[in-house]
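A short worksheet on the structure shown next.
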Protein chains: 2
Amino acid sequence: MTLHDDSPGIALAVSTVIFALRPDRPEVPSAPASLPSLWLPLVRRIRPPYEGQWALPGGPLQLDEDLEASAARTLAATTALAPNYLEQLYAFGTLDRSPDGAKDRVVSIVYWALVNADQASQATPASVETPDANVAWFSVDDLPDLAFDHDVIVEYALWRLRNKVEYSRIAHAFLGDTFTLAELREVHEAVLGRSLDPANFRRQIESSNAVVPTGKRVTGTSYRPPKLYRYNNAVDPADRGPLAPAVRPASAS
Amino acid sequence: MTLHDDSPGIALAVSTVIFALRPDRPEVPSAPASLPSLWLPLVRRIRPPYEGQWALPGGPLQLDEDLEASAARTLAATTALAPNYLEQLYAFGTLDRSPDGAKDRVVSIVYWALVNADQASQATPASVETPDANVAWFSVDDLPDLAFDHDVIVEYALWRLRNKVEYSRIAHAFLGDTFTLAELREVHEAVLGRSLDPANFRRQIESSNAVVPTGKRVTGTSYRPPKLYRYNNAVDPADRGPLAPAVRPASAS
DNA sequence: ACAAAAGTGTTGGAGGTACACCCATGT
DNA sequence: ACATGGGTGTACCTCCAACACTTTTGT
């Protein structure tokens with residue numbers, strides 16, 4: 001079915017919830033080093049409805065663009081990053097999503113993504129604007145009022161993230177190429193909001209074959225230097241939906 | 001964004017994968033009673049593309065209709081039933097979904113549903129038409145070639161169903177109001193494709209509080225009459241997405 | 001009495017949590 | 001040497017699979 005010009009129709013948009021992990025107080029490097037916490041970028045709306053309020057990055061689906069490509073494009077536009085993990089979250093389409101008087105009804109297909117905050121254009125801490133004054137990062141514990149039903153969407157994305165960290169292998173997506181087990185554990189702790197036993201965490205990860213030792217170690221520590229690990233590409237991180245046909249190159253089990 | 005008449009656009013459709021459980025050979029009542037198996041209704045396409053092939057029931061999203069309502073409507077249109085369970089599956093939107101030459105690109109938001117086969121208009125067994133000659137039920141083990149990417153979609157829906165039966169409480173959706181634990185176990189066995197220990201199954205279900213005894217028993221058996229159970233509405237069956245705010249009327253434990 | 005399925009008891013193994021303990025390095 | 005986090009060993013506990021066993025009905 002094709003929609004007619006000027007008559008009300010159904011607009012199809014793609015939005016993305018982008019998560020990164022940041023230290024809670026980047027402005028005080030010598031601070032007591034509290035746990036890192038989850039942050040996400042929002043964009044300020046520059047036209048009605050909800051003009052001036054913060055919303056998830058996104059936009060109309062382009063005619064020649066896959067859904068996932070659309071999500072990746074808006075992600076790059078807002079963060080100048082490529083996602084380390086990207087998955088469809090849900091399609092939102094209830095009739096009451098747009099305020100009365102809107103021309104078109106909007107159906108939003110929402111993705112969620114994980115990016116490495118270290119690579120991120122170093123946005124200043126709380127709610128301060130990046131070079132693009134209409135993009136800002138917020139802690140998920142301290143979000144402003146969001147446009148549309150985007151607060152519900154963020155809540156659901158958080159729920160999915162916390163669930164998936166427990167039974168999948170996506171935590172490394174917050175980190176760089178190599179990392180220590182302590183760093184990986186801190187990611188889990190920050191996402192789950194509780195501390196984990198280092199000993200048991202190590203065994204879980206090792207028995208899951210999710211990571212492989214690189215042979216290298218961190219240098220410059222004032223204590224026993226930890227081993228560096230790399231993500232094991234032979235195991236697929238998680239079910240990414242019906243697509244993504246489970247990459248399994250031959251690997252020793 | 002509104003699409004212009006006659007120019008190519010993006011069409012938004014809603015389809016539904018409908019599962020029911022049926023005995024494998026309903027035509028032979030005295031047969032060795034093999035395990036019941038999963039069946040689903042398909043509709044024959046009456047226009048190009050894929051004219052004459054079988055496809056999932058569905059259609060364009062109506063302007064004034066919620067996504068879930070659209071899924072329920074096509075479900076009722078093909079099976080004359082109300083779903084016992086209905087959940088969004090995934091949004092499919094790759095560029096190659098429609099054959100070349102199609103006017104519009106189609107994005108399909110797909111739901112999956114469970115219905116009680118006993119109530120179903122008693123369709124004759126394998127691939128024989130129902131009153132509506134363009135609807136037929138097929139065993140998931142013996143599906144015809146499907147239009148579009150519907151084979152991938154069905155495969156993914158099956159995967160979700162099998163997963164969710166294990167960690168959720170949706171199996172009762174295949175049954176009537178009351179049922180015995182043996183019946184519920186047969187549902188699990190049929191979906192998972194393996195037999196389960198009756199003793200352990202009983203304990204699992206009882207400890208989960210998913211069902212409550214009605215106090216009644218089955219009569220007319222030639223052996224010890226089993227108790228009848230009813231589904232416990234105080235526990236929510238599963239996460240149905242960001243909506244469905246977890247109904248939890250006051251309940252013990 | 002017997003068959004058949006309902007329902008109960010008991011055991012052993014797998015996996016997860018808690019926590020004591022040793023190891024390696026810079027200061 | 002000692003402080004610090006890396007890394008190992010081990011006991012316990014809980015949950016789950018297997019399977020022997022008892023109970024209750026109709027014939």
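Side chains included, hydrogens not; waters and symmetry mates left out as well; all remaining heavy atoms used. Chain A is the first sequence line, chain B the second, and so forth, proteins listed ahead of strands; every chain is numbered from 1.
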Protein-nucleotide distance (B:L196, atom CG; D:dA18, atom P), rounded to Å
10 Å
Please evaluate the base of C:dG7 for a donor-acceptor partner in the side chain of B:R203 within a cut-off of under 3.5 Å?
no
Nearest-Å distance for atom pair CG/C1', residues B:D197 and D:dC15
15 Å
Carboxylate-amine/guanidinium proximity below 4.0 Å for A:E166 and A:R194
yes
Donor on one side chain, acceptor on other, A:R203 and A:N200, under 3.5 Å
yes
Between B:P226 and B:R217, is any pair of side-chain heavy atoms under 4.5 Å apart?
no
Among C:dA6, C:dA24, C:dG9, the one nearest B:P226 by side-chain distance
C:dA6
Measuring to OP1 and OP2 of C:dG7, would you say a side-chain N or O of B:R202 lies under 4.0 angstrom away?
yes
Sorted by position of nearest nucleotide on DNA chain D, 5' first, the leading residue of A:S222 and A:E183 is A:S222
Measure from OH on A:Y167 to C1' on C:dG16 and round the result to the nearest Å.
20 Å
Base, sugar-phosphate or nothing for B:A182? Non-hydrogen atoms, less than 4.0 Å.
sugar-phosphate
May I ask you to check whether B:W112 and B:Y85 place their ring centers less than 6.0 Å from one another?
yes
Proximity to the side chain of B:N200 - top-ranked nucleotide from D:dA17, D:dG9, C:dT25
D:dA17
To the nearest Å, how far apart are B:I205 CD1 and D:dA17 P?
12 Å
Distance check needed: C:dA24 C1' versus A:R224 CZ, whole Å only.
5 Å
Quick one: B:F201 CZ to D:dC19 C1', roughly how many Å, whole number?
18 Å
If the cut-off is 4.0 Å, is B:Q204 near the phosphate of D:dA17, judged by side-chain N/O to OP1 or OP2?
yes
Please tell me whether B:H172 and B:F179 form a close aromatic pair, meaning their ring centres lie under 6.0 Å apart.
no
Comparing A:A199 and A:G220 on DNA chain C - which has the more 5′ nearest nucleotide
A:A199
Quickly work out the B:R217 CZ to C:dA5 P distance and round it to whole Å.
17 Å
Take the protein atom CG of B:L228 and the nucleotide atom P of C:dA6, then report the distance between them rounded to whole Å.
12 Å
